[in-house]
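Structure first, then comments.
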Number of protein chains: 4
Amino acid sequence: MTAASGSRGAPARRNRGPAAAERNRRALLAAGRDLLATEGLAVPLSAVAKRAGVGQGSLYRHFPSRVALIAAVFEENLDRIEQFVATGERTLDEVFAMLVDQAVASTALVEAINAHRDDAGVARLGRRFAEVVDGVVEAERAAGRLADDITVDDIRLAIGMLAGEIARIDAAERAGAAARARRIVLAGLRPRP
Amino acid sequence: MTAASGSRGAPARRNRGPAAAERNRRALLAAGRDLLATEGLAVPLSAVAKRAGVGQGSLYRHFPSRVALIAAVFEENLDRIEQFVATGERTLDEVFAMLVDQAVASTALVEAINAHRDDAGVARLGRRFAEVVDGVVEAERAAGRLADDITVDDIRLAIGMLAGEIARIDAAERAGAAARARRIVLAGLRPRP
Amino acid sequence: MTAASGSRGAPARRNRGPAAAERNRRALLAAGRDLLATEGLAVPLSAVAKRAGVGQGSLYRHFPSRVALIAAVFEENLDRIEQFVATGERTLDEVFAMLVDQAVASTALVEAINAHRDDAGVARLGRRFAEVVDGVVEAERAAGRLADDITVDDIRLAIGMLAGEIARIDAAERAGAAARARRIVLAGLRPRP
Amino acid sequence: MTAASGSRGAPARRNRGPAAAERNRRALLAAGRDLLATEGLAVPLSAVAKRAGVGQGSLYRHFPSRVALIAAVFEENLDRIEQFVATGERTLDEVFAMLVDQAVASTALVEAINAHRDDAGVARLGRRFAEVVDGVVEAERAAGRLADDITVDDIRLAIGMLAGEIARIDAAERAGAAARARRIVLAGLRPRP
DNA sequence: CATGAATGAGGGTTCATTCAT
DNA sequence: CATGAATGAACCCTCATTCAT
C-alpha cells in the first residue's frame, strides 16, 4: 500500500456534493417523463425512482407529491414553448403542433389542473401557460385567422381536447390521428363564411 | 389441515333472496354511473358496491370486471342513442348533444375501447356505436353539412375529443364549456370555403 | 381525479430501519418454517408476517411468492444436508433420518416441485437435492446395500413417500411413526433374497 | 286446449320426487370424485355443484361440509374394496393395487383423517377401513408373506405413504411411479433374510 | 325439496410514504 | 444528503354458507 492511502477505518466515501442532487433531479424528471408517457398517470412512483436510478427518498426530496413531479415535467415543456414563441412570430398551428408533440405530458397537466386546481404550483403553471397562449391568440386574431366569436377560453378548451385525445390514442396510430385532430380543431376556430 | 383448509366463508348477515337480483343489478348500474362520473374511472369497486347497498360478491356476480361495469353503463347510453336515432332523421349536432349529456360514460367507453380493445363486450359495443354514427354521418353528408375530406373515422375522433373534454370539466362549468366545445368541433367538420 | 388518483399509501407507524432487513428475513424464515409445519402449506402469508412481527409488504419484499418462501425454508435444510454429507461417508439411512427430521419442509419441497416445476428457484433446488442424493446412492450401491433394480428415481420416490407421510402425522405420534416408516422404506430398497 | 288441462294459474310443475334427490346425490358424488382428483382438495364447492348440475343449496343438503363430501367419495371406494375382499382370498398386493387406483380419493381421506380425526363420519370410515385391512393382513401373515415385526399399524402407514405419493404425482407419470412405489413398499413388508 | 343469488370475511398483493442508517 | 427497507391501509377477488323464492 502506498503512503498516501488513509490508515483510518472509514473508507474514503465519494462526496458527490450538490452536483449529484441536480443530476438526480434531472434523472427523475427524465424518468417521470418517460414513464408517465408509456405507463400513464398511475405509474408507481417507486418505478420512477428505480428508472432514475435513485432511492425513493430522493424522489420525495425533489418532488414531494405526484403532482409536483407532473408539474415539473410540464414546466420543462412550457419552457420550450415559451422559448419557441419568444423567438419569432408564431401561429396557433405551430403551437398546436408543439403541444401535440408533448401531448401526453400536457394531458397529465390538463388532468392535474382539473384534479388539483388548488395546488399552488399547478395554478402557477396554468397561469404561465395561459399567458403564452394569450400572446399567440392575439397575433392570430390580428391576422384574421380566428372566427370573431372565438375567445381565449375557447382556445384553451380546444387545446385540452386535442391533448386529451392524443394522449388516449395508441402510439401506433398517434401520428395520423394527431394530424387529423389538429386539422379538425383548427378548422373549427377559423373564420366561417 | 394441509393443503385444503379454507374456512374463509362468511355467515351471511342478511339475504334478501334472489328476488333482489334485478334490483341489485339496477342499483349497481346506477351506483356505477354516479361514481364513475364523480370519482373517475379509478373509483374502487368496493365503493360502487357500498353505494348500491349490496355485497361485493354480488357486484362481481353481475359485473365480473371493471370493464364489464363500464360497458354496461355505456350500453344503457347506447340504447338511448339508438332509440333517438331510430325515431327520426337526426343531425350530427343532435347526436353530439346527446353524447355530451352522457359525457362521462362516453369517455369511459372511449378509454375502455382504447385500453381494452380485445375485450369482447367492449368490442361489440364499439361496433354498435360505430353503426349508429355511420348512419347519421351518411345523412349528414348527403345534406352537404360535412367537408368533403371528413371521414367516419374523423367523426369518431371528434366525438372522442368532445366526450373526453366534457368529462374532464367540473360540473359547475360543464354546461357552458360543453356548448362551446360542441360548436368548435362541429364547425371543424363543416364544409370550408 | 380521473384515472390516476391512488391515495392508498399508509403512514408507517414504526420503522426500525434497514438494519432490520436481515433480522426480518430470518424472522420470516423461522415463522414460515414453524407455520408451514403446524398449519400446512395453505397457511395465510399474512399469518407468517404477523408471527415474524413484520409488515406484509416486507414479507413480499423478501419472498415475492409463497413458493419463494417454501423454497427458502427448504434451502436451509438442504444446506444442512449438504454439510452433513460433505463431512464423511454417509449412509442412506442417515440421510433419511435427517430428512425425516426436516419432514414438513421436505414435503413442501416435494409438493412444490410437483406443483411448480417451472419455477426457476424450485428447479434449482430440485437439482441440488438430486445431486446430494445421487452421491449417497452411489456409495450405498457400491457397498451392496441396494437391490440391483433400484434406481436413483426410486430413491427419490421413496424419499417423497417418507417425507410426505411424516409431514401428515400428528406431532405426538411422529417420532414412532417416522421410525417405522423409515424401516419399511429402507427394507424395500435393500437387496432381496 | 283439451278438457284435461288445468285451468288454474299454476303451471304444471314437474314433480321429480325423491328419485331426483338420489340422482342429485349421485351426480354430486361423481362430480366431487372427478374434481377432487383433477383440481385437488381445495376445489371450490361451487365448482362441484356446477359440475353436478345442481344448485349449491342441494350440495349442502346432501353434504353439509367438505369433509362430508370427501368421506362419501371414499366410502364408495371402501364399498368396492370390501366387495373385492369379500369375494375371495385376496393378497395385500391386490389391495394395494386397488388403493393405488383410488389414490387421490384415498389421499383425501388420509388427509381428512389427520385433519378431522374428531369428525364422527370420518372416524367411522377409518374404523371400517381398518377392519378390511386387518382381515387381509391376517391372511397375508398366515401365508408367511409378511416380516415378523410388521404390524397392522405398519400396513396402514404403508398404505398412507403409497396413497399420498401417488396423489402427488402428475397424471402423466402416475402409472409408472405407482408401480415402482408399490414394489418398494411391498418389498419393505416382506420377510427379510 | 331445489335453486342460485346474496353476503362479507379474509386472503393476496400493491404502493405511497417514512425514517434509520 | 442519499438510500432503500419497512410499514400497513386499501384494493381486488374468491368462496363458504345462508335463505327467499
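Every chain is numbered from 1 and lettered A, B, ... according to where its sequence line falls, protein lines coming before strand lines. These numbers come from the heavy atoms of this one structure, side chains and all, not from hydrogens, waters or symmetry mates.
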Distance, rounded to the nearest Å, where [X] contributes [atom1] and [N] contributes [atom2]:
X: C:L41; N: E:dG11; atom1: CG; atom2: P; answer: 16 Å
X: D:L45; N: F:dT18; atom1: CG; atom2: C1'; answer: 14 Å
X: C:R66; N: E:dT13; atom1: CZ; atom2: P; answer: 8 Å
X: A:R26; N: F:dA2; atom1: CZ; atom2: P; answer: 14 Å
X: D:R23; N: E:dC1; atom1: CZ; atom2: P; answer: 14 Å
X: C:L35; N: E:dG11; atom1: CG; atom2: P; answer: 13 Å

Is there a side-chain contact between [X] and [Y] (heavy atoms, below 4.5 Å)?
X: D:L45; Y: D:F63; answer: no
X: C:V43; Y: C:R66; answer: yes
X: B:E76; Y: B:R33; answer: yes

### Query
Does A:R124 have any side-chain hydrogen bond (donor to acceptor under 3.5 Å, both in side chains) partners at least two apart in sequence or in another chain, and if so, which?
A:E75
#### Entry: Neighbours of DNA chain F within residues 50-62 of chain D, by heavy-atom distance under 4.0 Å
D:Q56, D:G57, D:Y60
### Task
Give a yes/no on whether any side-chain N or O of D:N24 is located under 4.0 angstrom from OP1 or OP2 of E:dC1.
no
### Query
CD of C:Q56 to OG of C:S46: how many Å apart, nearest 0.5 Å?
5.0 Å
### Query
So how far is it from D:I70 CD1 to D:L41 CG, rounded to the nearest 0.5 Å?
5.0 Å
### Task
Give the stems involving DNA chain F, where a stem is 3 or more consecutive Watson-Crick or G-U wobble pairs (i with j, i+1 with j-1, and so on) under 3.5 Å.
E:2-21 with F:2-21
### Query
Can you tell me if D:N24 and D:R61 form a side-chain donor-acceptor pair at under 3.5 Å?
no
### Task
Specify the closest pair of heavy atoms between C:L28 and C:A49, including all atoms of both residues, with the distance to one decimal.
CD2-CA, 4.2 Å
